[in-house]
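For the numbers below, each heavy atom of this structure counts, side chains included, while hydrogens, waters and symmetry mates do not.
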Amino acid sequence: VQLQASGGGLVQPGGSLRLSCAASGSIFGFNVMSWHRQAPGKQRELVAAIYSGDSTHYTDSVKGRFTISRDGAKNMMYLQMNSLKPEDTAVYYCNLYVGNDYWGKGTLVTVSS
């Protein structure tokens, strides 16, 4: 399984971005797809997760602003990010857990005026 994240960029505070993660390979059974981020000088943290039954989990700091979704038929995952803040600046990584952990290369999100 390989993951490819895209959609990062520079956005002003209050703006929006949509990240995408494409998974190649066959994914069967219980699995969890998630977005993580790592800001400069900080540890990587979980941002949002979506389970194979489509239930979701968000870290408190993004609740009400970010929405995670997936398209199982296309093996795609998305993160809609609204009302972005400077503290959302980080490299965002997508992850797939399906017995093993798979990571994609990150995509940089910069929130700055």
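In this structure, T89 contributes its side chain and V111 its backbone to a donor-acceptor pair below 3.5 Å. Judged by distance alone, with hydrogens and angles left aside, the side-chain atoms of N95 form no donor-acceptor pair with the main-chain N or O of G104 at under 3.5 Å.
C21 is not listed as a side-chain neighbour of Q4, based on a closest heavy-atom distance of 4.5 Å or more. Between H57 and I50, the closest side-chain pair of non-hydrogen atoms is not below 4.5 Å. Using a 4.5 Å heavy-atom threshold, the side chains of M77 and C94 count as touching. In this structure, Y92 and L79 have side chains that are in contact, with non-hydrogen atoms separated by less than 4.5 Å. Looking at P86 and S112, their side chains never come closer than 4.5 Å, going by heavy atoms from C-beta outward.
Other residues, nucleotides and ligands contribute only 12 or fewer heavy atoms inside 6.0 Å of the CD atom of Q43. Annotation for Q2: atom CD does not count as buried by contact number, only 12 or fewer foreign heavy atoms lying within 6.0 Å.
Nearest heavy atoms, S34 versus H36: OG-NE2, 2.9 Å.
A continuous path of hydrophobic side-chain contacts links L17 to F66 [ILVMFWY only; heavy atoms under 4.5 Å]. Residues Y78 and L19 fall into different hydrophobic clusters, defined by Ile, Leu, Val, Met, Phe, Trp and Tyr side chains chained together at heavy-atom separations under 4.5 Å. Residues I68 and Y102 share a hydrophobic cluster, clusters being chains of Ile/Leu/Val/Met/Phe/Trp/Tyr side chains in contact below 4.5 Å. Linking Ile, Leu, Val, Met, Phe, Trp and Tyr residues whenever their side-chain heavy atoms come within less than 4.5 Å leaves M76 and W103 in two separate clusters.
Note that CZ of R65 is 12.0 Å distant from CD of Q80, once rounded to the nearest 0.5 Å. Of the inter-residue distances, the one linking S61 atom OG with E45 atom CD reads 5.5 Å to the nearest 0.5 angstrom. We find the CG-OG1 distance between L84 and T110 to be 11.0 Å, quoted to the nearest 0.5 Å.
Remark: R44 qualifies as a cation-pi partner of Y93 under the 6.0 Å distance and 45° angle criteria applied to the six-membered ring.
Applying the side chain to side chain contact (heavy atoms under 4.5 Å, CB included) test between R37 and each of V62, V91, V109 identifies V62 as the sole match.
Using modelled atom types and a 3.5 Å distance limit, the side chains of N82 and R18 yield no donor-acceptor pair.
Using a cutoff of 4.0 Å between basic side-chain nitrogens and carboxylate oxygens, K63 and D60 are scored as salt-bridged.
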Step-by-step side chain to side chain contact (heavy atoms under 4.5 Å, CB included) determination, T56 to Y51: CA-CA 6 Å; T56 57; Y51 299 83; over 6 Å; no

Check against side chain to side chain contact (heavy atoms under 4.5 Å, CB included), T107 and S6: CA-CA 6 Å; T107 185; S6 62; 5.5 Å; no

Chi angles and distances behind the side chain to side chain contact (heavy atoms under 4.5 Å, CB included) call for T67, Y58: CA-CA 8 Å; T67 302; Y58 297 92; 3.9 Å; yes

